[in-house]
Undergrad: 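Just passing along the structure, written as structure tokens.
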Amino acid sequence: MSSVSEPLQAPAPPQPKDYKSALKPIWCPGCGDFAVLNAITKALAHQALPAEDVALITGIGCSSRIAAYASVYGFHGVHGRALALAAGLKAARPDLAVLVAGGDGDGLSIGGNHFLHACRRNQDLTYILMDNQVYGMTKGQASPTTAADWTDSKLTPHGTGITPFQPTSLALAAGASFVARGFSGDPNGLAHLLVEAMQHPGFAVVHVLSPCPTYRPEQMDWKKVVGPFDVEETSDPMEAMHRVQADDGMSTGFIYRDRRPAWQPASQAERSDLPAIEAEFSL
Amino acid sequence: MSSVSEPLQAPAPPQPKDYKSALKPIWCPGCGDFAVLNAITKALAHQALPAEDVALITGIGCSSRIAAYASVYGFHGVHGRALALAAGLKAARPDLAVLVAGGDGDGLSIGGNHFLHACRRNQDLTYILMDNQVYGMTKGQASPTTAADWTDSKLTPHGTGITPFQPTSLALAAGASFVARGFSGDPNGLAHLLVEAMQHPGFAVVHVLSPCPTYRPEQMDWKKVVGPFDVEETSDPMEAMHRVQADDGMSTGFIYRDRRPAWQPASQAERSDLPAIEAEFSL
Amino acid sequence: MSRSDCSIALTGSGGAGAITAGELLLRLAGRQGGYGLMRRSFGPQIRGGEAAALLRFATAPVGCMNDVYDVFLALDWRNAERFGDEIPLGAKSLVLHDPAAGPVPEAIVASGARLLELPLKALAGDLEGGRPNMIALGALAALIGLERASGKTLIEARFVAKGSAIVEASTAAFNAGFTVIETAEDPELATAWRIAWDGDAAGIDERWSLTGNEGCGLGALRGGVRFAAAYPITPASDMLEWLAPRLEQLGGCLLQAEDELASINMVTGASFGGVPAMTATSGPGLSLMLEGMGLAVASETPALVVNVMRGGPSTGIPTKSEQADLDQALHGLHGDAPHLVLGALDHADCVLTTEWATRLAEQLQTVAVVLSDQNLAQSRVLTAAPDYTLPALEGRVEATASDAYERYALTESGVSPMARPGTPGCMYTADGLEHAASGQPSTAAAVHAAQLDKRERKITDHDYGDFWAEIRNYPGDGAPTLALLTWGSTTGAVREAAERLAAKGRAVRVIALRLLAPARPAALAGALAGIDEVLVIEQSHSRQFHRYLRAHYDFDQPLDVLARPGPILFTPGEIVTHIEQETRS
Amino acid sequence: MSRSDCSIALTGSGGAGAITAGELLLRLAGRQGGYGLMRRSFGPQIRGGEAAALLRFATAPVGCMNDVYDVFLALDWRNAERFGDEIPLGAKSLVLHDPAAGPVPEAIVASGARLLELPLKALAGDLEGGRPNMIALGALAALIGLERASGKTLIEARFVAKGSAIVEASTAAFNAGFTVIETAEDPELATAWRIAWDGDAAGIDERWSLTGNEGCGLGALRGGVRFAAAYPITPASDMLEWLAPRLEQLGGCLLQAEDELASINMVTGASFGGVPAMTATSGPGLSLMLEGMGLAVASETPALVVNVMRGGPSTGIPTKSEQADLDQALHGLHGDAPHLVLGALDHADCVLTTEWATRLAEQLQTVAVVLSDQNLAQSRVLTAAPDYTLPALEGRVEATASDAYERYALTESGVSPMARPGTPGCMYTADGLEHAASGQPSTAAAVHAAQLDKRERKITDHDYGDFWAEIRNYPGDGAPTLALLTWGSTTGAVREAAERLAAKGRAVRVIALRLLAPARPAALAGALAGIDEVLVIEQSHSRQFHRYLRAHYDFDQPLDVLARPGPILFTPGEIVTHIEQETRS
Ligand SMILES: Cc1ncc(C[n+]2csc(CCOP(=O)(O)OP(=O)(O)O)c2C)c(N)n1
Ligand SMILES: Cc1ncc(C[n+]2csc(CCOP(=O)(O)OP(=O)(O)O)c2C)c(N)n1
Ligand code: SF4
Ligand code: SF4
Ligand SMILES: [Mg+2]
Ligand SMILES: [Mg+2]
């Protein structure tokens, strides 16, 4: 505690590293997820958010390990349920800034239903979908965003033969009110998107291309093809849908933003108390 | 068995009633689901499909009870998993015609993930989504297609406050190759859609407006507002998306059809046998 | 001649109003100082199908249906045979039937019950807007000795919103029915079914009308729950519907989730945020929650799960009762995942047990499963207002700002302070991976063992006081040597069986376990002092409770078992007969 | 001096190639007529982190690791301390270390093991493209008396695809390592760790190299499985990856599902279609499958679920072994849902048990859960090719066209003919709702009881013959009075402990349960004849197996328990010590 006689000083603005935990990531060298972590801490520092007022909720996967690497309140939950954990947390604690992060498997395979319903519910959450088009943690199987002809998994030796999802299209069709795409190769750009996503009043989906050099070494070439969208963001969902459908999935930037108010649990009932409620049981 | 001396006669063409089971439906009087059952049996009769070569797979809900009312091979599974049952059945038994039916709760709430993935997988299945915008079976709660301001459920006394899903938009965004909308008030039109859906090579979604007079009595007015789309079907998914977004959800007819081949499990590997496989273990 | 107990079944086809009449009759009896219980039963049709109101009235509290119905009134006979199983009749039963409804079904005639005509249609025809169910209400009210005047008051209160014409027509119908019985030639009608409402009217103000679902909902609120997330399922939905508006009134909320996978995780998320949280479901939903419950156990996040049991397995018999989710509640989680399982013993006990479970979950930072069942959940009882004092519990131990905060610190009790998000300096990551005291993931054997020990110790070492079971002696000729060991809603019938045995001179002890896990072997051994025979009574085909007792308790006495599946509930007579025929002593 | 058994640990940081060298060493020993076992262990990093190859070689089959490692070779010391728990060393151990890798860690020095320098880096530097791991391979091969020539052959076979430069460099490195040991001054090096490969070479052709995951996969194929659906999960994924191409080769298929809710229902759908079907998963996935398994039980649809246990609860310790999903496999379904649970006893037994489970599920129209664990699943053993004859099973009883077909007919055995879709006249609806014989939903008490009885009877009344357990006497001085009762992969260490006790004169009987549910109390009572003390051995913190035995079996003997959690596996010595210190007789 500072003694009374010390001169008052404005606290130093927080730095990104202040939001990092002491834990050493288990990620492989070169994994895109390192940069996502950096972008998150930058975005938090930029907003100078007190670390204790931020929660980072994840599922299971390499990407989902990110919760423990940030020094905020974290929950490393079970596979696919991060958005449900976060929905409960945010409804109970609207005062917290709640970030959710996880992989393409976590969010679109096992967690697909919660993704749909989170988009529809439009709670004030920021969802960081770390897409490497593979299940990294379980050693390289196809995910819902993997190209149909990717044959490197022994589970699907001829490729899945199934057209991948476009996460941004799904988000739009399901009703998300903010959709953007970032790239781990551009952590500053990503941090900027994250700041805006957090400022957005409703459910914000940030689709992040985050390569897995271990199981998708060819993704190391993403840096050659990723670039900004050549159009501005829109508030027309159909227009946004057009753009993402026309795109090769490699353009980054803001896609869609509709500033309608976030959903919150109903609170218009007249306040009562337990004795009054119990009185209803009397004959 | 007919004796040899009897004159040979062409078998009478099957009638819709031949596809009905002896079981009396538990549905409330006036429930739209009766007409959906009629439409299914008409569609089967129209195609003169041997009843034993048809399977009807459902989940749980008033609508899902339909499996037992048709005299085909049926599976009345658990809540939300009909599409998964059907995916396994069709992969194992591609010779069967497999229909899947269920409610808006079964298909879009608890079963939402399988709906997404069935659309993406594009197996040759026909999915009849019987939408009454309510959970009938559990006595009237809001479903994912219920309007945000519907206040008749005690669970959401001020309405859900959440924008409903557009099932057809979701189907399109997730990759379904056939999308249409029918109405239980027009069983012949619905039967026609079902025939086409069954003929379609891939995953066909038929969104059926099927009123619940018990918990949504106002839906009895649907017959006044439902009418055919004023445009032809398209094979352009964006175009289709436009139409369903512009529509009030009450237009019926074909929406989208893409005749790409259905997905089937891989079978390009050279055939082998168990002894050869076991030989791999030898040192 | 008057009696202290009368059971009535009232049936009718869709829209006939049997349930409405039954509910009014129950309320009427309550107003007159009586106790009672009402179950509802429906045919398979979703709505508008046949319905039965199954009622029991008495001058003392009742916890179960009786062996035989004294009175059966059918508004019509359409599909009435469906309820045959549920409405046992005997030679002393009275069947009131409307000649206009056609002949009495064979099975009912065969019971030997006395048949008496009650011309509902004809009487209704004489009255404008007169509804047969209100005539039936009047007749039954008169039969069991309720006051005509209170009928009027009640009908007014109930139908006032529907306008005065309805109120008047209903009242007239009620009166007409009442008069028929009052003025009947047969003097038996005026006396044989009349209950001696001995005016416990002073206690009426402390008398509640309560369903088990309401009881659990209230218990959760009393325990501090301010967040719920759930997906509708029979027979738990009414609890959720009761809770939704009331949580809101208390500044909390209920989220309708997309499925049970979401609801349990929403609960865990809210609880992580510092708000006591719950969900309610039934077997199929509980199955889907197990992974999420395991996460709450491993991450030491308090969570309340109320499971209202219905007939199983799978979709089973959703509208009927059974006690067969015990195994799953106890053992359904993968890995070694110690948690709390409690069972509510009766309607009022739903309040106590659920409040206690909530407080235990909060204090012990684990999952508490409360098992109720369709029997309690959807029946309505007239009962004394719940009156209990729980063992003192300090509530959730929260962490305060600290530099060296360790979320999973190895404390003596096994409970480690839990930081509420927003607390500076205590940031941690809750984890379902095995973790060291800091929360950091670890695969080390010593860490794993220490955390497994901690999670078990905090639960097994806790002092649950006397609430782990209800233990009552029913003294007969001498001290009891036979103990009836049961749990959950079966307790109602067991208690009454014990009373009857005691009245016949056979002393028994009833031990009804409220705390199912952790097991309390020392406490049970103490409760069995002086007992040389134990009969386990449960409603499960595979004897789940019996197996569990064998696994976790040592008995010096031989264990007998009376176990069978639902949907027909145990009656006191069935238990008495079993004991008289099968037990040794 | 030569030995019959030698344990070797080989560690290295990411990319050092410890695992590759270990695999080659195992294969080399197999080619020379030896038996052996290899486990792999990794640090937390997803890929490229430190790795350990844990090996044991012997002249007779081995089923577990030994108490202490005889040889520890570290390619480098980076993070090697992580494996400390898993690599116990003693004063007789030999540590081969590269002086260029820095000082030997304290903990290893403290073990008192003999330290010997092996200048890997230096030797590698002398060779073009020479990799230290191949030098280590050569050194270890020489140390345990393998032939230099076969090393060359094996290296060629392994690296041929990588080009001749790699083959040559690797061979040269192997030879260099081999020579270092061969020419070592210290004569002990040439003899002390040398195994007397007594040329069981005749049997090599019947010798397999097998992991538990491969064994389960093969067992399923032998049982007739031609459809699989699954969602990847550690440590079951390798089984799926083994199955996918092979199912396809046999005309079947494997579907990668979106989650486990889907996979179990896909399995049920395929099986409903007439194709024997399976899934494989681990704890978290099994949790999600329980509702679907209940549907298969209630609808009487055969289904095989292989659950490869890992450390729990929740996400737990995914890469390590534990036997703590037993409770869930037995009791995780809601309602009364009888089904089969089997546990594989060793690698080869994975084949037998999984084939048997598949055939039982098909014949009895129910769910069979096979429990394996990470210990078996991901370790590789050199074993005799599985050789067994299962009890005759007629397979799925199919219905033939009929007018009066009843899907759930009440037969004496409880098994009712199941119509394959496509069969005319037998259309029915499979249902998870309780149903009458016809399949029609019913809530009637008698129907429910009859169907519950049927579903239980078909399982409990089946004659499982002698396969329910492996029962072996290990004779010492006299007949055994102590029985070791165990299940699953723990059997390996228990068997070896029994051998050691017997060798010391202490006779014991090992009873390893292969069929866990239904319980076989009469059979076990028979197997316990002459026994007056029973020790239950299991790898679970909450003694799940012990509790289950208490619940379902009667013992005349006192039951002792040796139970502890993972991730460290039991060793024979630990069990012997426990028995010598704790058991009475
Ligand atoms: C219920 C359940 N099923 C399966 C798994 C195994 N599992 C762990 S992570 C993962 C997928 C990871 O993929 P993704 O979410 O894309 O994350 P990444 O590792 O690629 O970052 C799977 C299938 C699990 N932990 N739980
Ligand atoms: C796992 C599970 N959760 C909840 C339920 C309860 N439940 C039965 S049907 C149903 C919803 C029915 O709605 P929908 O699918 O729209 O069918 P409808 O009755 O409206 O035709 C619910 C929630 C269940 N059977 N299983
Ligand atoms: S496996 Fe891929 S996603 Fe996982 S840590 Fe390694 S590089 Fe990253
Ligand atoms: S509740 Fe609604 S959906 Fe269900 S049967 Fe009745 S009308 Fe149909
Ligand atoms: Mg991924
Ligand atoms: Mg519906």
Side-chain angles (χ1 to χ4, degrees), chain A residues 21-23 26 50-58 60 65 67-93 95-96 98 113-114 116-118 120-121 264-274 276-278 280-283, chain C residues 27 30-31 204-210 214 218 221-222 226-227 229 245-246 248-255 257-259 261-275 277 291-292 294-295 299 382 385 419 421-433 439-441:
Chain A
S21 81
L23 211 58
I26 59 160
E52 63 269 18
D53 293 340
V54 180
L56 174 54
I57 313 294
T58 65
I60 296 290
R65 288 285 193 130
Y69 306 143
S71 176
V72 297
Y73 280 92
F75 208 130
H76 183 222
V78 290
H79 192 35
R81 316 293 165 212
L83 283 166
L85 278 173
L89 176 60
K90 184 73 191 182
R93 290 291 307 277
D95 55 313
L96 299 174
V98 182
N113 203 31
H114 311 304
L116 280 190
H117 284 269
R120 182 169 100 82
R121 200 179 287 119
Q264 287 197 311
S267 61
Q268 58 247 63
E270 220 176 295
R271 289 299 284 263
S272 177
D273 57 14
L274 259 180
I277 288 172
E278 299 200 355
E280 299 172 33
F281 293 115
S282 296
L283 284 169
Chain C
R27 224 173 162 81
R31 292 276 181 88
I204 294 185
D205 289 348
E206 284 84 57
R207 194 78 47 86
W208 281 13
S209 162
L210 186 74
E214 290 167 352
L218 176 61
L221 295 184
R222 282 190 176 183
R226 291 297 178 271
F227 178 90
R246 289 167 184 85
E248 196 187 333
Q249 285 164 10
L250 296 175
C253 67
L254 183 145
L255 250 68
E258 54 270 31
D259 59 21
L261 306 163
S263 52
I264 183 66
N265 282 288
M266 287 171 169
V267 165
T268 305
S271 178
F272 168 75
V275 178
E291 194 205 13
L295 175 64
S299 66
L382 302 175
T423 311
C426 292
M427 284 83 72
Y428 73 98
T429 297
D431 210 322
L433 279 171
Q440 179 166 341

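Numbered from 1 within each chain, the chains take letters A, B, ... in sequence-line order. Nothing here was measured: the structure is a model prediction, and the numbers come from that model.
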Undergrad: Between C:E291 and A:R81, is a side chain to side chain contact (heavy atoms under 4.5 Å, CB included) present by the stated rule, with each step listed?
TA: CA-CA 10 Å; C:E291 194 205 13; A:R81 316 293 165 212; 4.3 Å; yes

Undergrad: Report which part of C:L254 has an atom under 4.5 Å of a heavy atom belonging to chain A: side chain, backbone, both, or neither.
TA: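 Contact with chain A: none, neither part.
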
Undergrad: So which residue, C:A385, C:S263, C:P245, C:G251, ends up with the most heavy-atom pairs under 4.5 Å with chain A?
TA: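 Highest number of heavy-atom pairs under 4.5 Å: C:G251.
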
Undergrad: What's the spacing between C:R27 CZ and A:L283 CG if we round to 0.5 Å?
TA: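 With rounding to 0.5 Å, CZ (C:R27) is 5.5 Å from CG (A:L283).
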
Undergrad: Using a cut-off of under 4.5 Å for heavy-atom pairs, which of A:L85, A:L56, A:V72 has the most such pairs with chain C?
TA: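 When all of A:L85, A:L56, A:V72 are compared, A:L85 has the most.
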
Undergrad: Where do C:E248 and A:A266 come nearest, in terms of heavy atoms and distance?
TA: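 Answer, listing the atom of C:E248 first, then A:A266: CG-O, 3.4 Å.
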
Undergrad: When only pairs under 4.5 Å are counted, which of A:A87, A:A269, A:A55 shares the most heavy-atom pairs with chain C?
TA: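 Of A:A87, A:A269, A:A55, A:A269 has the most heavy-atom pairs under 4.5 Å with chain C.
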
Undergrad: If we define contacts as heavy-atom pairs under 4.5 Å, which of C:R226, C:E214, C:Q249, C:R246 has the most with chain A?
TA: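 Of the options given, most contacts go to C:Q249.
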
Undergrad: Do the non-hydrogen side-chain atoms of A:V78 and C:N265 ever get within less than 4.5 Å of each other?
TA: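 Result yes, sub-4.5 Å side-chain heavy-atom pair found.
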
Undergrad: Can you see which heavy atom on C:T429 is nearest to which on A:A67, and at what distance?
TA: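 For C:T429 versus A:A67, the nearest heavy atoms are OG1-O, 3.4 Å.
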
Undergrad: Is there a side-chain contact between A:L23 and C:P441 (heavy atoms, below 4.5 Å)?
TA: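 In short, these two side chains touch, coming nearer than 4.5 Å.
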
Undergrad: Given that the side chain runs from C-beta out, which part of A:R120 has a heavy atom under 4.5 Å from chain C: side chain, backbone, both or neither?
TA: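 A:R120 has no heavy atom closer than 4.5 Å to chain C.
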
Undergrad: Charged N to carboxylate O below 4.0 Å: is that the case for C:R222 and A:E278?
TA: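 Salt bridge: yes.
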
Undergrad: Roughly how far, to the nearest 0.5 Å, is CD of A:Q264 from SG of C:C253?
TA: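 CD of A:Q264 is found 9.5 Å from SG of C:C253.
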
Undergrad: Strictly distance-based, threshold 3.5 Å: is any side-chain N or O of C:Y428 a donor or acceptor partner for the main-chain N or O of A:S71?
TA: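 Such a contact is absent between C:Y428 side chain and A:S71 backbone.
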
Undergrad: Which answer fits A:A86, side chain, backbone, both or neither, if we ask what part of it has an atom under 4.5 Å from a heavy atom of chain C?
TA: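 Interface part for A:A86: neither.
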
Undergrad: With a 4.5 angstrom heavy-atom cut-off, is it the side chain or the backbone of C:A277 that approaches chain A, or both, or neither?
TA: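 No part of C:A277 comes within 4.5 Å of chain A.
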
Undergrad: Please round to the nearest 0.5 Å and tell me the distance separating atom CG of C:D431 and atom OG1 of A:T58.
TA: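 Going from CG on C:D431 over to OG1 on A:T58, the span is 8.0 Å.
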
Undergrad: Measure distances from A:L96 to the heavy atoms of chain C and classify the residue's part below 4.5 Å as side chain, backbone, both or neither.
TA: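 Only the side chain of A:L96 comes within 4.5 Å of chain C.
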
Undergrad: Search all heavy atoms of A:A51 against all heavy atoms of C:M427 and return the closest pair with its distance.
TA: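 Distance-wise, the nearest heavy atoms are CB-CE, 3.8 Å.
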
Undergrad: Is C:V267 close to chain A through its backbone or its side chain, or both, or neither, when contacts mean heavy atoms under 4.5 Å?
TA: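 The answer is neither part of C:V267.
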
Undergrad: Between A:F281 and C:S209, is a side chain to side chain contact (heavy atoms under 4.5 Å, CB included) present by the stated rule, with each step listed?
TA: CA-CA 5 Å; A:F281 293 115; C:S209 162; over 6 Å; no

Undergrad: For the pair A:R121 and C:E258, find out whether any cationic side-chain nitrogen is under 4.0 Å from an anionic carboxylate oxygen.
TA: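 Salt bridge between A:R121 and C:E258, a charged N being under 4.0 Å from a carboxylate O: yes.
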
Undergrad: Might you point out which heavy atoms bring A:Y73 and C:G422 nearest each other, and give the distance in Å?
TA: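 Minimum heavy-atom contact is CE1-N, 3.5 Å.
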
Undergrad: Is there a side-chain contact between A:F75 and C:L295 in this structure, where contact means two heavy atoms from C-beta onward sitting under 4.5 Å apart?
TA: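 Counting from C-beta outward, A:F75 and C:L295 do come under 4.5 Å.
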
Undergrad: Which bit of A:L274 is near chain C, if near means a heavy-atom gap under 4.5 Å: side chain, backbone, both or neither?
TA: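 Both backbone and side chain.
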
Undergrad: Which answer fits C:A229, side chain, backbone, both or neither, if we ask what part of it has an atom under 4.5 Å from a heavy atom of chain A?
TA: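 Interface part for C:A229: neither.
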
Undergrad: How far apart are the closest heavy atoms of C:L255 and A:A91, and which atoms are they?
TA: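 So the minimum-distance heavy-atom pair works out to CD1-CB, 3.8 Å.
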
Undergrad: Nearest 0.5 Å, please: how far is CD in A:E280 from CH2 in C:W208?
TA: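 Answer for the CH2-CD pair, C:W208 versus A:E280, is 10.0 Å.
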
Undergrad: Pick one of side chain, backbone, both or neither for C:S299, based on which atoms fall under 4.5 Å of a heavy atom in chain A.
TA: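 Just the side chain, heavy atoms under 4.5 Å.
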
Undergrad: Which bit of A:Q268 comes within less than 4.5 Å of chain C, counting heavy atoms only: side chain, backbone, both or neither?
TA: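 Backbone plus side chain of A:Q268, per the 4.5 Å heavy-atom cut-off to chain C.
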
Undergrad: Between C:L250 and A:R271, which heavy-atom pair has the shortest distance, and what is it?
TA: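 Scanning both residues, the minimum pair turns out to be O-NH2, 3.5 Å.
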
Undergrad: In this structure, which one of C:P424, C:P421, C:C426 forms a side chain to side chain contact (heavy atoms under 4.5 Å, CB included) with A:E52?
TA: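 Only one option passes, and that is C:P424.
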
Undergrad: Should C:L261 and A:H114 count as side-chain neighbours, where that means a heavy-atom distance under 4.5 Å?
TA: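 Yes, close enough: below the 4.5 Å cut-off.
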
